[in-house]
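These notes concern the structure reproduced below.
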Protein chains: 2
Amino acid sequence: MTPPRLQDVAARAGVSTATVSRALSGKGHVSSRAKLRVQQAAQELGFVVSYHASSLASGRSRNIGVVLPHIDRWYFSTVLEGVSRALLEAGYDLSLYNFDGDRYRETVLTDFLLRKRLDAAVAVALQLEPAETRQLFSAGIPFVGVGGPLVGAPTVSIDDLDVGHRATQHLIGLGHRRIGHLGGVDEQGRYFTMSSNRRAGYERAMTEAGLPIDPEWSIVSDYTLMDAYQRAKNLLADPDNRPTAIFSASDEMAAGAILAARDLGLSVPADLSVIGIDAHPIGEALGLTTIDQHAQQQGVRAVRRLLDHISGADNEPTDEILPAHFIARASTGPAAGSSGS
Amino acid sequence: MTPPRLQDVAARAGVSTATVSRALSGKGHVSSRAKLRVQQAAQELGFVVSYHASSLASGRSRNIGVVLPHIDRWYFSTVLEGVSRALLEAGYDLSLYNFDGDRYRETVLTDFLLRKRLDAAVAVALQLEPAETRQLFSAGIPFVGVGGPLVGAPTVSIDDLDVGHRATQHLIGLGHRRIGHLGGVDEQGRYFTMSSNRRAGYERAMTEAGLPIDPEWSIVSDYTLMDAYQRAKNLLADPDNRPTAIFSASDEMAAGAILAARDLGLSVPADLSVIGIDAHPIGEALGLTTIDQHAQQQGVRAVRRLLDHISGADNEPTDEILPAHFIARASTGPAAGSSGS
DNA sequence: GTGAAAGCGCTAACAC
DNA sequence: GTGTTAGCGCTTTCAC
């Protein structure tokens, strides 16, 4: 037996299909008596509107896309969790498009996003070429960026430069002068503006304090714990020339640094202070001092912005900077032989 | 200007809409000459078929759903990555439905899945009540389960009991006799059959070897690193009555145990051997011995099964057990005072 | 191999 | 407040 259609509900309730549509969607006026009969009939028949028919007729699909370069990395899956929650709450469907690094970059941009099935989309930390940005926008729907600038669309993020600055200042305030940095690559200008902004914040804080920035202490990693572990270990192995503190652009890399230090017999924070960014759960067990960037909340805000926009709320396309908060734990402490500052 | 429709392409190519549809979808026979003209016209106009119109007319949507209880946990985001990859490869869209624990359980089951917008769906480690399973299937589409039994649908997973058994045997083979277990809750029979099967494997191996199962060494954790850290620390704090080895049902919990041991001044594996399951990246830096369950591959396989089914391939709804492989690293070693076995 | 035309199931004017 | 009806843009018989 074929599923009930709106027409069947109309027949059973003794009204027209238009009335059923109105009663069920809540748009337009329907007498409460008619509404009741419709709802009952729909209930009895187990009627659910056909998504495709509804979308085709109305031109809107209650479906929002999420485009991201990775899924199984903490930042992305956490933002996604926030996006998902906000969308579920609003009754919207969520379509997921994963670049998977660069693997499906083209495909997603040229095929998937153009199918006219999305009301809007959020782009998480994508760093696109100008031509790619154009492709994106050619989908003809509102976009909002998260965690990195999406040129031409409003973006929700933290102030990465400021966060890098504050993290570094924290270490400087503890009396450290030999401070290293663990950051990400800025592959040919793609990806990780986030990362380069944090590095810029570090450099600014160092410069302001009149401290030297040793290029050897400025480590470029691929943002994974293991890679950071290995590189930090190399850096810290030299007892004559190693930093007393490290500011890491992510908690996972910070964790790698802490594990490396321990494996070298260095104690944290006595021999080495480490601060990260994220509030990644792994930081708890390591006592990692960090700055919470409220990743989930970033996803939630992005969705709110989009939904407001769709519903015609008069929001100007301004960027939104979310606050980030210190979580002081045990991985940072006074520099050896320092009285603080 | 409104986007081009199929009709526009037809006009430009000088053929009927039917021919355009055939030429573009590849179904039905079209002269290569006509096909060429159609493709060119489509190209010039920048035509992309309307998803909704196509779905409404054909009854199929090239859209597959993924239902999971969490997104931001390693297992789930990794499976999701695999699912996403396989779907992108096949040109299918992916709709994401997150229970978020129990928060949207009802909503997803009763509202979202019934909108007739999915061709099929994969359910990742859902542990449903019978009534909920019925709701799920009432969507009228093929399902496949991943990483946990979905009663009434084919499931892709590893053999959790066997894996628990092998992990424990590994420790026993190293001469350990006092072996603890770190597993998850079986909340009222919901969630984590996975976890209870691994525990059962542990118990069987212990029993077979004639070793005692000390209830105090069988720790129930919430599967997070931090919780496992705390509980393991409590367990290991007592020098007179602690295990010499721990089998953890996940790598994250295993990592917690290792960190706890270190913080107590115990050395791994000299004082404590630890083995996990997952091949979680964190295990690398900790030298964690583990069993790789190929989570991403589980997602890929689930999608393949679904697509085969949709395309009418004669696949019986059998469960599929994927192999799991040892990754021997440094966290497990011979028991102190043992000659091995 | 190709075209005509009848839907797919719903929404949104527009009329009453 | 409610019904009539013309689409939304494509797929798919059924003829030719």
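First the proteins, then the strands, lettered A, B, ... as listed; each starts at 1.
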Without decimals, in angstroms, what is the distance between A/His29 NE2 and C/dC16 P?
21 Å
OP1 or OP2 of D/dC10 versus the side-chain N and O atoms of B/Ser21: is any pair under 4.0 Å?
no
B/Val20 near the nucleic acid: base, sugar-phosphate alone, or nothing, with a heavy-atom cut-off under 4.0 Å?
nothing
Whole-Å distance separating the CZ atom of A/Arg22 from the P atom of D/dT4:
11 Å
Exercise: identify the closest heavy-atom pair between B/Glu320 and B/Leu322:
OE2-CD1, 3.5 Å
Write down the atom of A/Phe47, the atom of A/Pro4, and the distance for their closest heavy-atom approach.
CD1-O, 3.4 Å
A/Leu24 has an atom CG; how far is it from atom P of C/dG9, in whole Å?
16 Å
Exceeds 12 heavy-atom contacts within 6.0 angstrom, atom CZ of A/Arg60
no
Check the distance between D/dG9's P and B/Leu45's CG and give it to me in whole angstrom.
14 Å
Axis-to-axis angle for the helix from C/dG1-D/dC16 to C/dC16-D/dG1, ends of five pairs each, to 10°, equals 30°
Length of the line joining B/Leu56:CG and D/dC10:P, which is rounded to integer Å:
12 Å
Using 30° and 60° as the class boundaries, would you call the ring planes of B/His52 and A/His52 parallel, tilted or perpendicular?
tilted
By nearest heavy atom, map A/Ser25 and B/Ala34 onto DNA chain C; which one lands nearer the 5' end?
B/Ala34
How many Å lie between NZ on B/Lys27 and P on C/dT2, as a whole number?
19 Å
Given D/dG3, D/dT2, C/dT11, the nucleotide with the shortest approach to the side chain of A/Ser54
C/dT11
With rounding to the nearest 0.5 angstrom, report the OG to CG distance, B/Ser16 to B/Leu6.
9.0 Å
Quick one, A/Ile64 and A/Ile310 - any side-chain contact, counting heavy atoms below 4.5 Å?
yes
I want to check something: taking the side chain as every heavy atom from C-beta on, are B/Arg37 and B/Gln40 in contact at a cut-off of under 4.5 Å?
no
The nucleotide from C/dG9, D/dG1, D/dC10 with an atom nearest the side chain of A/Ala57 is C/dG9
Return the value, rounded to whole Å, for the distance between atom NE2 of A/His52 and atom C1' of D/dG7.
19 Å
Presence of donor-acceptor pair under 3.5 Å, side chain of B/Arg33 and base of C/dG1:
no
OP1 or OP2 of C/dT2 under 4.0 Å from side-chain N/O of B/Ser31
yes
Nearest-nucleotide pick for B/Leu6, side chain only, options being D/dG1, D/dC10, C/dC10
D/dC10
Specify whether A/Phe143 and A/Phe137 have parallel, tilted or perpendicular ring planes, treating 30° as the upper limit for parallel and 60° as the lower limit for perpendicular.
perpendicular
Tell me whether the side-chain N/O atoms of A/Ser58 come closer than 4.0 Å to OP1 or OP2 in D/dC8.
no
Just the rounded figure in Å: distance from P of D/dG9 to CZ of A/Arg117.
17 Å
Is A/Phe47 touching bases, backbone alone, or none of the nucleic acid, heavy atoms closer than 4.0 Å?
sugar-phosphate
Taking only side-chain N and O atoms of B/Thr19, does any of them lie within less than 4.0 angstrom of OP1 or OP2 on C/dT2?
no
